[in-house]
Amino acid sequence: MFQVVIAVLVIVLVARLILKGYRAEPVLFAAGLVLMVASQLAGWGSVLPKGVESTGVALFDPFEVMRDLFSSRAADLGLMIMALMGFAHYMDHIGANDAVVRIAIRPLRKLRSPYVLLFFSYLLASALQLAIPSATGLAVLLMATLFPIMVGLGLSAASSAGVIATSLGVAYTPTAIDAIRATEAVGMGHNVIEYVYTYQGPAALATVLVVGLMHIVWQRRCDRLDGHQHQGAAMVDEKAQEAGVPGFYAILPMLPIIMAVGFSSLFVDHIKLNVITIVMISMFISMVVEAARTRDMKEVCGGFSHFLSGMGSAFSNVVGLLVAAGIFAHGIKVLGVIDIMIVGAEHVGLPAFAMAILFALVTLAAAIIMGSGNAPFLAFVELIPQIAASMGVNTAAMILPMQQASHMGRAMSPVSGVIIAVASGAKLTPFAVIKRTSVPLMVGFVFHTLIVGIFYL
């Protein structure tokens, strides 16, 4: 229990410092190091992740964890974010994003309320998870493509960011790790499609509609409180026409999405393209098109610097924060707080539906604290089959609320990769984005839990 007290004190201190304007990266780094050192001094276990060897000096091991996270995140997720943001910068440079706005506003000009666009944008963003199951990867991709359209049509950056940050707030993709693990937990072997079709999908799709409608209500209210004025499509159209680029340039920012969906396992089995590879191909195509239009190879080559500067900006503003958040989350984990939460929830002795709600709330809290969707769910799901069997209830009915809570909590966490990436792209603070995601997702959480309790228990 002492571990929980330490964790709560550190979390409160971190939140207070960040709210006071302290730069988040050093605060999170320091907090993670404090938690790991506390665990070492109290003898609560090793701070080293599996597969990472000790430096030989216990005091240096927390810094070895930091090195390992820098190495893994900067080389994998970090590089993906850098490549996508670099591509977004290049699209701005050649005027392709303006072309997208110019084309998009034509069928949307007659919409009476721009907030209807929020609803359909959310449905589109949510559907893309079928091809791109990474919350951060999908969000960064949408920030480079869908975000300029939404802002260009007069919607506030905060409203647009809130919609994109929740793109994987409700999950129903069979390619996600949590779906695969849940399928095994309910005793369906490796038949993930059947699990999604029978259990996860129906409740999730109903929840997506509710969250989408709540976006309309909540984003409109927040915009009014913030004093945002909708400019209207006509003004945006005039601005977009000033770019002077051909209309077909509108397809260029969409190339990564088109390729990610077209070459996904949903359609093609024998072609495997990494997101970074897709960005490189998209950049090559865009530069060839730009060279054919301008017929100035020197200018086209010079434009590549915008791609590189975008990557550099992403590293300084996003990747560093991702690693810092990872250090903080790892410190929470090695302190043993998550294990204490699991054991405490297991011994409460509540009825089946109340137990399902409790586990979902614990998962939601852990996801918010850790900034991870998979980590808390994978830790908690181990207990559910035994608990469900002892209570004589459907295992899926207890797993589903936890599964969605992990995704929703990630989209409400100021230290999650998706919130950090979206906030950086929209030039907002993580807390400003969370303000826009929390209410729609909490309503979705309550609705989804009730649906599961009514139809699955």
K.L.:
Take a 6.0 Å sphere around CD1 of Ile177 and say whether it holds more than 12 heavy atoms from other residues, nucleotides or ligands.
P.N.:
no
K.L.:
Give me the atom names and distance for the closest heavy-atom approach of Val452 to Ala397.
P.N.:
CG1-O, 3.3 Å
K.L.:
Does any N or O in the side chain of Ser424 come within less than 3.5 Å of the main-chain N or O of Ile420, such that one atom is a donor and the other an acceptor?
P.N.:
no
K.L.:
Any side-chain heavy atom of Val422 sitting closer than 4.5 Å to one from Thr136?
P.N.:
no
K.L.:
Are Leu13 and Leu9 close enough that some pair of their side-chain heavy atoms sits under 4.5 Å apart?
P.N.:
no
K.L.:
Is the shortest side-chain heavy-atom distance between Val170 and Met408 below 4.5 Å?
P.N.:
yes
K.L.:
Under 3.5 Å, side chain of Ser416 to main-chain N/O of Gly371, donor-acceptor pair present?
P.N.:
no
K.L.:
Just wondering, are more than 12 heavy atoms of other shown residues or ligands nearer than 6.0 Å to CZ in Phe70?
P.N.:
yes
K.L.:
Judged by atom type as modelled, is there a donor-acceptor pair below 3.5 Å linking the side chain of Thr437 to the main-chain atoms of Ala411?
P.N.:
yes
K.L.:
Which heavy atom of Pro49 sits nearest to which heavy atom of His330, and what is that distance?
P.N.:
CG-CE1, 3.8 Å
K.L.:
Under the rule for salt bridge (Lys or Arg N to Asp or Glu O under 4.0 Å), what residues qualify as partners of Asp226, not counting sequence neighbours?
P.N.:
Lys435, Arg436
K.L.:
Considering residues, nucleotides and ligands other than Arg221, do more than 12 of their heavy atoms fall under 6.0 Å from its CZ?
P.N.:
no
K.L.:
Could you walk me through whether Leu48 and Ser54 satisfy the side-chain contact (heavy atoms from CB on, under 4.5 Å) test, starting with their C-alpha distance in whole Å, then the side-chain angles of each, then the deciding distance to 0.1 Å, before giving a yes or no?
P.N.:
CA-CA 7 Å; Leu48 294 170; Ser54 173; 3.6 Å; yes
K.L.:
Going by atom types only, do Thr166 and His215 share a side-chain donor-acceptor pair under 3.5 Å?
P.N.:
yes
K.L.:
May I ask you to decide if Gly409's main-chain N or O and Ser413's side chain share a donor-acceptor pair within less than 3.5 Å?
P.N.:
no
K.L.:
Tell me yes or no: between the side chains of Tyr172 and Ser126, is some donor less than 3.5 Å from an acceptor?
P.N.:
yes
K.L.:
Which pair of non-hydrogen atoms, one from His407 and one from Gln403, has the smallest distance, and what is that distance?
P.N.:
CD2-O, 3.1 Å
K.L.:
Output yes when a side-chain donor or acceptor of Thr363 lies under 3.5 Å from a complementary backbone atom of Met402, and no otherwise.
P.N.:
no
K.L.:
Starting at CD of Gln404, measure out to CD1 of Ile451 and round the result to the nearest 0.5 Å.
P.N.:
12.5 Å
K.L.:
One pair to check against side-chain contact (heavy atoms from CB on, under 4.5 Å): Met355 and Phe359. What are the steps and the verdict?
P.N.:
CA-CA 6 Å; Met355 183 67 78; Phe359 268 95; 3.4 Å; yes
K.L.:
From Thr277 OG1 over to Phe263 CZ, what is the distance, rounded to the nearest 0.5 angstrom?
P.N.:
12.0 Å
K.L.:
Please name the pair of heavy atoms, one in Ala125 and one in Leu138, separated by the smallest distance, quoted to 0.1 Å.
P.N.:
O-CD2, 3.6 Å
K.L.:
Give a yes or no answer on whether the side chain of Ser286 reaches the backbone of Ser282 with a donor-acceptor pair at less than 3.5 Å.
P.N.:
yes
K.L.:
For a quick test of reading the model, state the closest non-hydrogen atom pair linking Pro148 to Met143 and the distance between them.
P.N.:
CD-O, 3.5 Å
K.L.:
Working to the nearest 0.5 angstrom, can you tell me the gap between Ile399 CD1 and Thr183 OG1?
P.N.:
9.0 Å
K.L.:
CG/Leu225 to CZ/Arg220 distance, rounded to the nearest 0.5 angstrom?
P.N.:
13.0 Å
K.L.:
So do the side chains of Ile357 and Thr449 get within less than 4.5 Å of each other, counting heavy atoms only?
P.N.:
yes
K.L.:
Taking the ring centre of each residue, are Phe307 and Phe304 less than 6.0 Å apart?
P.N.:
yes
K.L.:
List the steps and the verdict of side-chain contact (heavy atoms from CB on, under 4.5 Å) for Leu364 and Met412.
P.N.:
CA-CA 9 Å; Leu364 181 70; Met412 293 188 284; 3.6 Å; yes
K.L.:
Which heavy-atom pair separates Gln200 from Ala179 by the least distance, and what is that distance?
P.N.:
OE1-CB, 3.8 Å
K.L.:
Compare all side-chain heavy atoms of Leu28 with those of Ile327 and state whether any distance is below 4.5 angstrom.
P.N.:
no
K.L.:
Spell out, as yes or no, whether a donor-acceptor pair under 3.5 Å connects the side chain of Gln40 to the backbone of Ala58.
P.N.:
yes
K.L.:
Can you tell me how far apart OG (Ser121) and CG (Leu142) are? Round to the nearest 0.5 Å.
P.N.:
9.5 Å
K.L.:
Hey, does Val211 have a side-chain heavy atom less than 4.5 Å from the side chain of Val443?
P.N.:
no
K.L.:
Start with the C-alpha distance between Leu168 and Val418, add both sets of side-chain angles, then the distance that settles side-chain contact (heavy atoms from CB on, under 4.5 Å), and finish with yes or no.
P.N.:
CA-CA 9 Å; Leu168 233 164; Val418 60; over 6 Å; no
K.L.:
So how far is it from Leu252 CG to Tyr90 OH, rounded to the nearest 0.5 Å?
P.N.:
9.0 Å
K.L.:
Side chains of Pro401 and Tyr456: closer than 4.5 Å at any heavy-atom pair?
P.N.:
no
K.L.:
For Tyr199, does the OH atom have more than 12 heavy-atom neighbours from other residues, nucleotides or ligands under 6.0 Å away?
P.N.:
no
K.L.:
Among Val27, Ile11, Leu33, Val323, which one satisfies side chain to side chain contact (heavy atoms under 4.5 Å, CB included) with Phe328?
P.N.:
Ile11
K.L.:
Could you tell me whether the side chain of Ser39 and the main chain of Val334 form a donor-acceptor pair under 3.5 Å?
P.N.:
yes
K.L.:
I'd like to check Ser313 versus Met85 (side-chain heavy atoms, cut-off strictly below 4.5 Å). Are they in contact?
P.N.:
no
